[in-house]
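In what follows, a structure is listed as C-alpha cells, so that the remarks can point back to it.
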Amino acid sequence: MSRVVSKNLFNFKPAGQMDDDVKTMDAQFEEMMKTPEVKQTIDRWKELELNPDPENDMEFVTLMRAMMIPFIKSITENEALKYGGEQTTTTSFKVPTTHEGDFDVPVEVYTPKNLEKETKRAAYVYAHGGGAVALSAEDVRTGSQCVAVDMNVVVFNVDYRLAPETK
C-alpha cells in the first residue's frame, strides 16, 4: 500500500511570530548541532544502531542522555517559564509497587494557586517524554507547572524508572 501524501494537512509553511528569546534559543541549538562533538556523537549513534546488543544499547542511551538533558534544561531554565513555579503549589507523594522489585513511583503535583481552595478540579496526568530511556519528572517540572497554570488544571507529573537499566 502506498503512503498517502496530504496536500494541505502537513505540507504547510508555519506562519506567525517567533519571540526573540525563542529565536535566540533556536540559533544556539543550530550552532550546537554543527559542533564537532555533536557530529561525532551522531556518527557513533549510527555505528551503534548497526550492531544492536545490550552493551551498545547502553552506550547509545548514555550518549543520548548526555545530549538531551542539557538541551532540555536550557529550555526549562528560560526566564519566560518561571511563572509556572511562581503560580503553583508543589506537593508530592509516592505510589508503592511490587513488580520487578520494590519501587515507589514518585509523583509531583502542581496545583495552580487560584485552585487551591477548590474541591472540584480538573486534572492532567503527565508521564514525561524521553522514550522511557531519558529524562525525569524533575527535568520537565517547569513545563508541567506552566501547563497547570495555562490550562488551569492540577498536573500530576509521574516519574518512572528508565530503560534499559530497568526492564
Side-chain angles (χ1 to χ4, degrees), residues 3-52 56-90 92 106-115 122-165:
R3 179 174 161 87
V4 175
V5 177
S6 170
K7 293 179 182 172
N8 298 309
L9 186 59
F10 299 107
N11 300 331
F12 66 92
K13 182 174 176 136
Q17 180 176 336
M18 192 182 299
D19 293 340
D20 289 337
D21 59 334
V22 175
K23 287 180 186 177
T24 300
M25 191 179 300
D26 191 46
Q28 290 170 342
F29 177 75
E30 291 297 323
E31 286 303 310
M32 179 190 75
M33 294 306 290
K34 295 176 186 174
T35 64
E37 296 84 10
V38 171
K39 287 181 181 181
Q40 182 181 10
T41 298
I42 291 170
D43 289 343
R44 182 64 182 145
W45 280 344
K46 291 175 184 174
E47 290 173 23
L48 294 168
E49 287 176 331
L50 296 174
N51 301 301
N56 286 349
D57 291 347
M58 193 63 219
E59 183 181 348
F60 182 94
V61 167
T62 300
L63 290 170
M64 184 184 71
R65 289 174 183 164
M67 286 188 62
M68 180 184 278
I69 292 171
F71 176 69
I72 295 297
K73 286 192 183 296
S74 73
I75 294 170
T76 61
E77 291 171 359
N78 188 309
E79 289 291 318
L81 300 179
K82 285 196 172 192
Y83 72 93
E86 294 166 354
Q87 296 178 36
T88 57
T89 300
T90 300
S92 63
V107 180
E108 289 188 349
V109 183
Y110 314 120
T111 305
K113 290 181 179 177
N114 67 311
L115 293 180
Y124 177 81
V125 179
Y126 182 73
H128 64 83
V133 296
L135 302 180
S136 67
E138 179 183 351
D139 294 325
V140 297
R141 178 181 294 136
T142 302
S144 298
Q145 290 168 329
C146 291
V147 167
V149 172
D150 293 342
M151 293 176 57
N152 204 34
V153 297
V154 177
V155 172
F156 291 80
N157 185 5
V158 182
D159 210 352
Y160 51 82
R161 295 179 289 180
L162 300 176
E165 295 93 330

Candidate pair Ile42 and Met33, rule side-chain contact (heavy atoms from CB on, under 4.5 Å), full reasoning:
CA-CA 10 Å; Ile42 291 170; Met33 294 306 290; 4.0 Å; yes

Closest heavy-atom pair, Met67 versus Thr41, reported as atoms and distance to 0.1 Å, is SD-CG2, 3.4 Å

Between Lys46 and Glu49, does at least one N-O distance fall below 4.0 Å, as a salt bridge requires?
no

In the structure I gave you, are the side-chain heavy atoms of Leu48 and Leu63 within less than 4.5 Å of one another anywhere?
yes

Would you compute the distance between atom CD of Glu138 and atom OG of Ser144 and round it to the nearest 0.5 angstrom?
12.0 Å

Heavy-atom donor-acceptor pair, Asn157 side chain to Glu108 backbone, under 3.5 Å
no

In this structure, OG1 of Thr142 is separated from CD of Glu77 (nearest 0.5 Å) by 8.0 Å

Closest non-hydrogen atom pair between Ala148 and Pro112, with its separation:
O-CG, 3.3 Å

Provide the closest heavy-atom pair for Asp150 versus Tyr83 in the form atom of the first, atom of the second, distance.
OD2-OH, 2.7 Å

Of all heavy-atom pairs between Lys73 and Asp139, which one has the smallest distance, and what is that distance?
NZ-OD1, 3.3 Å

Roughly how far, to the nearest 0.5 Å, is the CZ atom of Phe156 from the OG atom of Ser92?
12.0 Å

Is atom NZ of Lys82 surrounded by more than 12 heavy atoms (other residues, nucleotides or ligands) closer than 6.0 Å?
no

For the OG1 atom of Thr76 and the CD1 atom of Ile69, what is their distance to the nearest 0.5 Å?
11.0 Å

How about Val147 and Tyr126: do any of their side-chain heavy atoms sit closer than 4.5 Å?
no

At their closest point, which heavy atom of Val154 faces which heavy atom of Val109, and how far apart are they?
CG1-CG1, 3.4 Å

For Met64 and Ala134, the nearest pair of non-hydrogen atoms, with its separation, is CE-CB, 3.8 Å

